[in-house]
Amino acid sequence: MAGTLTHLDDDGRARMIDVGGKPETRREAVARGRMVTTAEVVRLLVADGLPKADALATVRVAGIAGAKRTSDLIPLCHPLPIDSVTVDLRPEGDSVVVEARVSTTGRTGVEMEALTAVAVAGLTLHDMIKAVDPGATMTDVQLVEKTGGKRGHWTRDAVEPAAPPARVRGGRVLVVSTGAAVGTREDTTGPRIVAWLREQGLETPDAAVVADADVAAGLRAALQDGPEVLVTTGGTGPSPTDRTPEATTALLDRPFPGIAEALRARAGTPTAALGRGVAGVAGRTVVVNLPGSTGGVDDGLAVLADLLPHLRHQLRGEADHEHGAHQSTPRGEQ
């Protein structure tokens with residue numbers, strides 16, 4: 001047996017454990033579940049076509065509320081000062097993945113808060129879709145990751161504290177388009193970028209497609225295995241539903257505003273000034289937002305053709321002889 005049951009006393013009776021002597025640390029937990037339904041119901045859900053409107057927004061709010069009320073629902077959980085809760089919904093074919101991330105600074109972890117958020121979000125999602133699919137099933141609710149406390153960094157796939165994800169010398173492409181996600185519009189930009197990245201020698205799978213509302217979860221999924229390059233297309237304009245720049249900025253460790261400005265300058269049209277795409281590095285992954293038009297993508301790839309090889313060398317910590325030769329020449333000798 002891995003350990004003792006801390007919620008039982010010496011006589012086997014339930015108790016709330018005393019955490020008063022434990023140090024306060026930053027703690028985070030991630031839980032995940034899956035609502036299995038039909039592809040048609042998922043399309044209706046993303047397109048806000050269900051009898052109950054604002055389904056996705058309602059589910060997210062319900063999950064957040066569930067995390068905050070965990071100690072009221074689970075008898076032996078401590079009330080905790082929660083720092084943040086995010087609930088992401090990711091459509092995948094005939095199902096919707098529900099993921100909750102909860103953090104706190106305290107003396108005990110937030111695993112139960114994350115699990116409760118997923119469970120309550122799943123129940124709410126079932127309520128939203130039961131009119132069109134009463135047979136939908138919420139399944140695989142599980143803790144997938146936690147940090148902080150005595151155990152340190154734990155993941156479901158590792159017995160020991162997890163090492164940083166292995167680097168993948170490859171690329172990823174994320175298409176941000178509600179129309180493409182629900183099948184009402186053909187994606188023409190994703191395959192273009194995938195083909196270009198493969199030409200650069202980057203092993204790149206077919207593009208992932210997400211609705212505008214799910215761009216944050218799509219970005220995290222694309223970054224999970226640490227690719228060298230992640231290129232997004234779409235969601236960079238002034239429309240209220242365009243959220244790609246905000247979601248990207250939240251994940252960047254170092255922004256590269258010069259790349260974003262070069263992309264806008266290359267377009268050479270007045271409307272290019274309305275583009276809000278950003279670029280930078282998340283971990284050691286180069287992340288670049290491109291517009292959702294084929295012309296904007298072609299212009300953006302032309303800019304990246306000049307910049308990306310040098311940037312990849314720099315982030316790998318390898319010598320870039322072609323660029324280094326120019327940099328190492330003293331100014332007075334040029």
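On a predicted model such as this, the values are computed, not experimentally measured, just so you know.
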Stepwise side chain to side chain donor-acceptor pair (under 3.5 Å) test for T137 and T139: CA-CA 6 Å; T137 303; T139 186; over 6 Å; no
Establish, from distance only, whether the side-chain atoms of R27 and T104 form a donor-acceptor pair under 3.5 Å. no
May I ask whether M128 and V141 are part of the same hydrophobic cluster, defined by side-chain heavy atoms of I, L, V, M, F, W, Y residues being less than 4.5 angstrom apart, directly or through others? yes
Salt bridge between D298 and R192, side-chain N to carboxylate O under 4.0 Å? yes
Results of side chain to side chain donor-acceptor pair (under 3.5 Å) for Q200 - residues two or more places apart only: none
Looking at E40 and R43, does any basic side-chain N land under 4.0 Å from a carboxylate oxygen? yes
Qualifying residues under side chain to side chain donor-acceptor pair (under 3.5 Å), relative to D253, sequence neighbours excluded: none
Test log, rule side chain to side chain donor-acceptor pair (under 3.5 Å), inputs D133 and T38: CA-CA 8 Å; D133 183 14; T38 68; 5.0 Å; no
Do L115 and M112 come within less than 4.5 Å of each other through their side chains, counting heavy atoms only? yes
Spell out, yes or no, whether V144 and V110 are grouped together once hydrophobic residues are joined by side-chain heavy atoms under 4.5 Å, including indirect joins. no
Quick test of your reading of the model: are R156 and E145 salt-bridged, counting only N-O distances below 4.0 Å? no
Non-neighbouring partners of D83 that pass side chain to side chain donor-acceptor pair (under 3.5 Å), sequence neighbours left out: R26, T105
Is a donor from one side chain sitting under 3.5 angstrom from an acceptor on the other, for S84 and S103? yes
Would you call E203 and R198 a salt bridge, using N to O less than 4.0 angstrom? no
Passing candidate, side chain to side chain donor-acceptor pair (under 3.5 Å) with D212, options T244, T241, T178: T178
Is it the case that one hydrophobic cluster holds both I129 and V36, taking links as side-chain heavy atoms less than 4.5 Å apart, direct or via other members? no
Over all heavy atoms of both residues, which pair between A207 and V175 is shortest? Give the atoms and the distance, please. CB-CG2, 3.9 Å
Could I get the full list of side chain to side chain donor-acceptor pair (under 3.5 Å) partners for S177, not counting sequence neighbours? R185
Side-chain donor/acceptor pairs under 3.5 Å, residues 51-66, sequence neighbours excluded:
from : atom 1 : to   : atom 2 : distance (Å)
K52  : NZ     : D127 : O      : 3.4
K52  : NZ     : D127 : OD1    : 3.1
K52  : NZ     : D127 : OD2    : 3.2
T58  : OG1    : D54  : O      : 2.8
R60  : NH2    : A213 : O      : 3.4
R60  : NH2    : D214 : OD1    : 2.8

Which heavy-atom pair separates V209 from A181 by the least distance, and what is that distance? CG1-N, 3.7 Å
For E199, side chain to side chain contact (heavy atoms under 4.5 Å, CB included) partners two or more places apart: W196
With hydrophobic residues grouped by side-chain heavy-atom distances under 4.5 Å, do V97 and V87 end up in a single group? no
Point-to-point distance, once rounded to the nearest 0.5 Å, from CZ of R34 to CD of E99: 11.5 Å
So, K68 and E113, do they make that salt bridge, N to O below 4.0 Å? no
